[in-house]
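Scroll down for the structure; my scribbles are underneath it.
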2 protein chains.
Amino acid sequence: MPWRDGTGPPWWHGKFRGCGYRLTASRQAILDVLSKTSKHLSAEDIYLKVHKIYPAIGLTTVYRTLELLVQTGMVFKFDFGDGKARYELSEGPRSIGHHHHLVCTGCGRIVDYTDFIDDEIELLNQTEKGLSKKYNFKITNHLIQFYGLCYRCQNIK
Amino acid sequence: MPWRDGTGPPWWHGKFRGCGYRLTASRQAILDVLSKTSKHLSAEDIYLKVHKIYPAIGLTTVYRTLELLVQTGMVFKFDFGDGKARYELSEGPRSIGHHHHLVCTGCGRIVDYTDFIDDEIELLNQTEKGLSKKYNFKITNHLIQFYGLCYRCQNIK
DNA sequence: TTTATTAATGATAATGATTGTCATTAACAT
DNA sequence: ATGTTAATGACAATCATTATCATTAATAAA
Ligand SMILES: [Mn+2]
Ligand SMILES: [Mn+2]
Ligand SMILES: [Zn+2]
Ligand SMILES: [Zn+2]
């Protein structure tokens, strides 16, 4: 199975073609930006970055592409409470894998964490199983966020 | 300890006075609505309900009051992905206590669940302790949501 | 109880993230 | 190379939320 190391054609080539979607310059540029950052970018953040290397793109296309990427599971969409959605690549060579977030309610700082994920997975699997049966829900995803104050914001009087 | 049963003066009387906030008719009406429902109401939902018994109220005041109630911890604010914030009383005689949510991505249905809360509390306490130390965060709150399809939406082809 | 202080309110306008429209472009199967 | 039509970009529209500001009323002082 070639190209698993990211040295060949971009790993998402097949993702699009397989679903009948066209691989356009806009979509490649957006995925490029997402795959080169560890930040949690808003649609406008992404637009501004893409615009530098592909000035023809429009903000509307960024929104449409992000919606598509979220629907197909390639990107996660988050709400951290600052009024704009944030996006993050869900998989690929550069992603840190399954993780959750610490959100500072003082300054908005976001910390990715992967600690306790094993214990968490076990509890969540059990919980998902129980909830699926009890409420007849087909669970596909979950969200965990911790809120608090980062080290900076704790020391502001 | 009187009034624990909700038969005396509203339990939130002291909450306001203690913080230096005035207990106005608007605020009482909003808390009344929130304490009489188990739904997850938007600001406009609340406005419409309050308006029936207190027509002088404005939507702006509903937003301002909700912000105050969230800041003081009396109300929780949620984003279930439908573009408007949802509010829920965090404590009081009628609240079901600490719980989390199942969100149907098909129709938006919300289910409160309290199952596995004990196991969850244990894992989260441990996680919070670990994350607090590792990332120097003072954690105050957490959010857990499961996403999936409710029994209705599973059977739509 | 009357009065003074000022937090709270409501009408209205403004904001800003996101979505809808539609003529034009370009990806890709043939 | 060509045709089909998904995708795009410019622009307008939507709509939840926030800002402004003159007026009202909750509370404490007299
Ligand atoms: Mn992240
Ligand atoms: Mn609830
Ligand atoms: Zn902070
Ligand atoms: Zn449903």
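Below, chains carry the letters A, B, ... as their sequence lines are ordered, and counting in each starts from 1. For the numbers below, each heavy atom of this structure counts, side chains included, while hydrogens, waters and symmetry mates do not.
- Looking at every heavy atom in both residues, A:Ser42 comes nearest to A:Tyr87 through C-CD1, 4.4 Å.
- Heavy-atom nearest nucleotides on DNA chain D were determined for A:Ala56 and for B:Ala43, and the one closer to the 5' end corresponds to A:Ala56.
- Here A:Gly83 lies in heavy-atom contact (under 4.0 Å) with sugar-phosphate atoms only.
- The distance from atom NZ of A:Lys77 to atom P of C:dA17 is 14 Å, rounded to the nearest whole Å.
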Counting primed atoms, P, OP1 and OP2 as sugar-phosphate and everything else as base, the B/S/- map of nucleotides 20-30 of chain D against protein heavy atoms under 4.0 Å is B-----BSS--
Which donor-acceptor pairs under 3.5 Å do side chains of residues 64-86 of chain B form with protein atoms, sequence neighbours excluded?
residue	atom	partner	partner atom	Å
B:Thr65	OG1	B:Thr61	O	2.8
B:Thr72	OG1	B:Leu68	O	3.1
B:Thr72	OG1	B:Leu69	O	3.2
B:Asp79	OD1	B:Gly81	N	3.1
B:Asp82	OD1	B:Lys84	N	3.4
B:Asp82	OD2	B:Arg86	NE	3.4
B:Asp82	OD2	B:Arg86	NH2	2.6
B:Arg86	NH1	B:His40	O	3.2
B:Arg86	NH1	B:Asp45	OD2	3.4

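- A 4.5 Å side-chain heavy-atom check between A:Asp32 and A:Lys36 finds at least one atom pair inside the cut-off.
- Residue contacts shown for B:Ser26 are limited to sugar-phosphate atoms, with no base heavy atom under 4.0 Å away.
- The distance from atom CD of A:Gln71 to atom P of C:dT19 is 11 Å, rounded to the nearest whole Å.
- In this structure the side chain of A:Ile139 never reaches within 4.5 angstrom of the side chain of B:Leu149, judged on heavy atoms.
- Among the nucleotides C:dT18, D:dT8, D:dT17, the one closest to the side chain of A:Arg27 is D:dT8.
- Across the protein-nucleic acid pair, B:Glu44 atom CD and D:dT14 atom C1' stand 13 Å apart, rounded to whole Å.
- The six-membered or imidazole ring of A:His142 lies away from that of B:His100, with a centre-to-centre distance of 6.0 Å or more.
- Side-chain polar atoms of A:Glu88 and A:His99 form a donor-acceptor pair below 3.5 angstrom.
- Between A:Glu67 atom CD and C:dT18 atom P there is a gap of 12 Å when expressed in whole angstrom units.
- Taking side-chain N and O atoms only, B:Tyr63 has a distance below 4.0 Å to OP1 or OP2 of D:dT17.
- If you measure from atom CG of A:Asp82 to atom P of C:dG16, you get 14 Å, rounded to the nearest angstrom.
- Smallest separation of non-hydrogen atoms from A:Asp112 and A:Ser38: OD2-O, 4.0 Å.
- The NZ-P distance, from B:Lys84 to C:dT19, rounds to 13 Å in whole Å.
- Counting to the nearest Å, the P atom of C:dA14 and the CG atom of B:Leu59 are 18 Å from each other.
- Rounding to whole angstrom units, OH of residue A:Tyr47 and P of C:dA17 are separated by 14 Å.
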